[in-house]
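Structure, as structure tokens:
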Amino acid sequence: LAVMSLRGPDRWRIISAIPGPIRVAGRVVWREIQNLPYLPYQFFTPDLPVYDLQISPDDLIFLETNLPDDDAYTLGKEHKVPVPVTLGFNGEAYEGEIRYRGGGKVHWLWPKKSYIIDFKKNQRLRGDDKIDLIIPHDRQFIAEEFNNYRARKLGLKVPDTRFVVVRINGGSPMLYWEAERPGKEFLEGQGLSGDANLYEADSAETGSIYDSTNSWEKRAFDIRFDEAETGDLETLISLLNTASDKEFNTHIFSILDKESFYAWSVHTLLARSNHQDWAHNMRLYFDPSIGKFLPLPWDVGIGYNYENADARQLVEESWNPLANRILRNPEFLRERNERLWAYVGDDKNITDDLAHYDELFGSIKTALYQ
């Protein structure tokens, strides 16, 4: 314990002088001491849905061995090969396929991994044909669920999400964050047309996702046109990159819904987030009923690595080229800020938000500590 309290080079000189077997035993003892405060939670039952996943031992070995080297940053297509899975929930068995998910290695490098489950055509879990099971650490535990709560208050469309407990082949229960996958079913569940273009940009290999349509994938498409048709997105990107300020300011809200954009921008500022940026995490839905794009929040986070940033930089200049060009217009910036003030200036919102935040933590506390 005295060694554990040390910091810097002295600590490691002392630790390295201790024989290996004693160091290993010491780590085990220290870990058990750290776990003592959480021991009582082993006797409670979490009030969360429980998913029992059954994967054959051979398939599980394949998943665990079919991964990139530790120094790789992301999963390639060859690492996203699915295997059969059965998900048991409430006495029902749902058949499908499971694979690893996630761009960053946080999703797959450690023993607890993030997954995508794609159910068979005649199988639906709460109406969803595909779900993400994401390690809560990647979503700052309750941060993204809380962000989705505020997004709905602002009238934004976000996936159905929830916390669940997952067991694999009868193993230890693990806390996960479940989110429905973007697609036709997601859109229709949000009261939107599922036969319309839904674009997602998860990563730009070079440059910005706003340089061209190459970094965008369709998760749903307008059935009136060829699935490969991207004219609506090309129009938006061309306006952003080639229009004069006068032309851009005149036409941007003819193709991007003003109400949705301001709500999206307010939402990112409430979270003090720059995580929907030039490189990833953008979802754009082209609503055929109004002929405009709606931005959909995804993987927003809270305070992503900006503890030392100038607050004005985040308010007036984000890492998102589309938002930046819009808000460089003083009139647009003033209107966005008025809407931001309408939210933060209402004490009922902060009271409600904090109460919901506490409620979310209470809902996962037992499963998290277990």
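No hydrogens, no waters, no symmetry mates; every other heavy atom, side chains included, goes into these values. This structure is a prediction, so every number in the text was calculated from the model and none was measured. For this chain, numbers begin at 1 and follow the sequence in order.
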Report task. Examine the side chains of Trp298 and Gln276 and answer whether a donor and an acceptor come within less than 3.5 Å of each other. Result -> no
Query raised in the report: Just checking, is any N or O donor in the side chain of Tyr176 or Lys112 under 3.5 Å from an acceptor N or O on the other one?
Result: no
**Report entry** Donor on one side chain, acceptor on other, Glu178 and Tyr51, under 3.5 Å
**Finding:** yes
Query raised in the report: Is there a donor in the side chain of His79 and an acceptor in the side chain of Asn66, or the other way round, less than 3.5 Å apart?
Result: no
Query raised in the report: Does a donor on one side chain and an acceptor on the other come within less than 3.5 Å for Ser265 and Arg336?
Result: yes
Requested in this report: Return yes if a side-chain donor-acceptor contact under 3.5 Å exists between Asp232 and Tyr199, otherwise no.
Outcome: yes
Query raised in the report: With no hydrogens and no angle check, is any side-chain donor or acceptor of Glu144 less than 3.5 Å from a backbone partner on Val300?
Result: yes
Query raised in the report: Has the side chain of Asn349 got a donor or acceptor atom that lies under 3.5 Å from a matching backbone atom of Tyr343?
Result: yes
Query raised in the report: Counting N and O atoms only, with roles assigned by atom type, does the side chain of Ser114 sit under 3.5 Å from a partner on the main chain of Ile135, one being a donor and the other an acceptor?
Result: yes
Query - Ser289 and Asp287 side chains, donor-acceptor separation under 3.5 Å - result: yes
Query raised in the report: Does the side chain of Ser318 come under 3.5 Å of the side chain of Asn320 through a donor N or O and an acceptor N or O?
Result: no
Requested in this report: Using the test salt bridge (charged side-chain N to carboxylate O under 4.0 Å, His left out), find all partners of Asp222 that sit at least two apart in sequence or belong to another chain.
Outcome: Arg224
Report task. Determine whether the side chains of Tyr262 and Asn337 contain a donor N or O and an acceptor N or O closer than 3.5 Å. Result -> no
Report task. May I ask you to test the Pro84-Asp59 pair for a side-chain heavy-atom distance under 4.5 Å? Result -> yes
Query raised in the report: With a 3.5 Å cut-off and no angle check, do the side chains of Glu234 and Ser238 form a donor-acceptor pair?
Result: no
Query - pair Ile116-Arg181: side-chain heavy atoms closer than 4.5 Å - result: yes
Report task. Would you please indicate yes or no on a ring centroid separation below 6.0 angstrom for Tyr100 and Tyr115? Result -> yes
Report summary line: By side chain to side chain donor-acceptor pair (under 3.5 Å), Asp69 pairs with (sequence neighbours left out) none
Query raised in the report: Are any of the side-chain heavy atoms of Asp352 and Lys153 separated by less than 4.5 Å?
Result: yes
